[in-house]
K.L.:
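Before I ask anything, here is the structure I am working with.
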Amino acid sequence: MSESNGTITVAAIGDLHVTETSVRPYAALFAEISEKADVLVLCGDLTNFGKTKEAEILAEDLRSATIPVVGVLGNHDYECGQPEKVAEILCQAGMRLLDEQAIVVEGVGFAGTKGFIGGFGRGELAPFGEGEIKAFVDVAANEARKLENALRSLRTERSVAVLHYAPIAETLEGEPIEIFPYLGSARLADAIDRFENVRAVVHGHAHHGRYEGRTMRGTPVYNCAQFVVRPQFGRPYALLEV
Ligand SMILES: [Fe+2]
Ligand SMILES: [Fe+2]
């Protein structure tokens with residue numbers, strides 16, 4: 001919980017993948033996290049297929065959280081073509097969706113977007129040639145633009161960037177290198193590195209990736225996919241002092 005030096009404790013977990021047959025999958029965990037942290041951050045893939053029933057099951061469990069909950073959706077939450085519906089159900093249960101709109105909790109800013117694929121370094125897809133390629137790259141660029149605008153709107157001394165897709169390749173290590181371009185986009189890190197008040201970046205999506213990395217500027221990045229965090233800490237969520 002909050003330290004006397006003014007930091008807050010941020011709990012972050014991604015890739016909950018709630019299914020229709022899940023029974024109170026996160027109620028106990030959210031109650032536990034509420035005892036240990038000041039804010040809970042959900043890093044996308046909250047549902048397994050973006051079904052209404054899945055979102056309703058998670059929404060029920062969100063009522064066990066007694067601290068502010070902020071989050072972004074993941075690609076799985078889009079699978080049924082109704083991400084707005086999934087978001088609405090979760091927001092009605094108290095989650096605050098970080099997309100375009102940044103949020104301040106106890107003096108710390110939170111800005112986020114789902115992000116998109118597109119690759120890193122020499123593997124980054126460029127908007128050249130066919131219209132389809134340009135449209136594809138435009139989606140990735142737009143996600144980065146939304147993140148940058150949300151971060152810019154924050155006047156806080158400390159901010160946290162929240163994503164589903166990875167902004168750097170380092171936290172993907174452990175995944176097959178062939179699929180790195182489908183796990184994130186360097187454009188997201190380019191946006192983050194324009195700001196000096198970003199103290200941490202959290203993301204999910206790469207279930208077999210690595211927990212920790214850094215942007216070019218040196219800002220710490222944490223892959224908070226629960227399957228990455230659990231082997232590291234014996235619990236499925238990360239705890240960060242910000
Ligand atoms: Fe996932
Ligand atoms: Fe994902």
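Note that ligands are numbered from 1 as they come in the structure, with each ligand's atoms numbered from 1 the same way.
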K.L.:
Per the salt bridge (Lys or Arg N to Asp or Glu O under 4.0 Å) rule, which among Arg145, Lys146, Arg152 passes with Glu148?
P.N.:
Arg152
K.L.:
Give a yes or no on whether His76 keeps an N, O or S atom under 2.8 Å from the Fe ion (ligand 1).
P.N.:
no
K.L.:
Establish, for the pair Lys36 and Tyr237, whether the NZ or CZ atom is under 6.0 angstrom from the six-membered ring centre and no further than 45 degrees off its axis.
P.N.:
no
K.L.:
Within Asn75, is some N, O or S atom less than 2.8 Å away from the Fe ion (ligand 2)?
P.N.:
yes
K.L.:
Examine all N, O or S atoms of His205, backbone included, and report whether one is under 2.8 Å from the Fe ion (ligand 1).
P.N.:
no
K.L.:
For Asp45, what is the atom name of its N, O or S atom nearest to the Fe ion (ligand 2)?
P.N.:
OD2
K.L.:
What is the OD1(Asp15)-the Fe ion (ligand 1)-NE2(His207) angle, to the nearest 10 degrees?
P.N.:
90°
K.L.:
Can you check whether Ile13 reaches Leu42 side chain to side chain, under 4.5 Å on heavy atoms?
P.N.:
yes
K.L.:
Treating Asp45 as the side-chain partner and His76 as the backbone partner, does any N or O pair qualify as donor plus acceptor under 3.5 Å?
P.N.:
yes
K.L.:
What pair of heavy atoms forms the shortest contact from Arg24 to Ser64, and how long is it?
P.N.:
NH2-OG, 3.9 Å
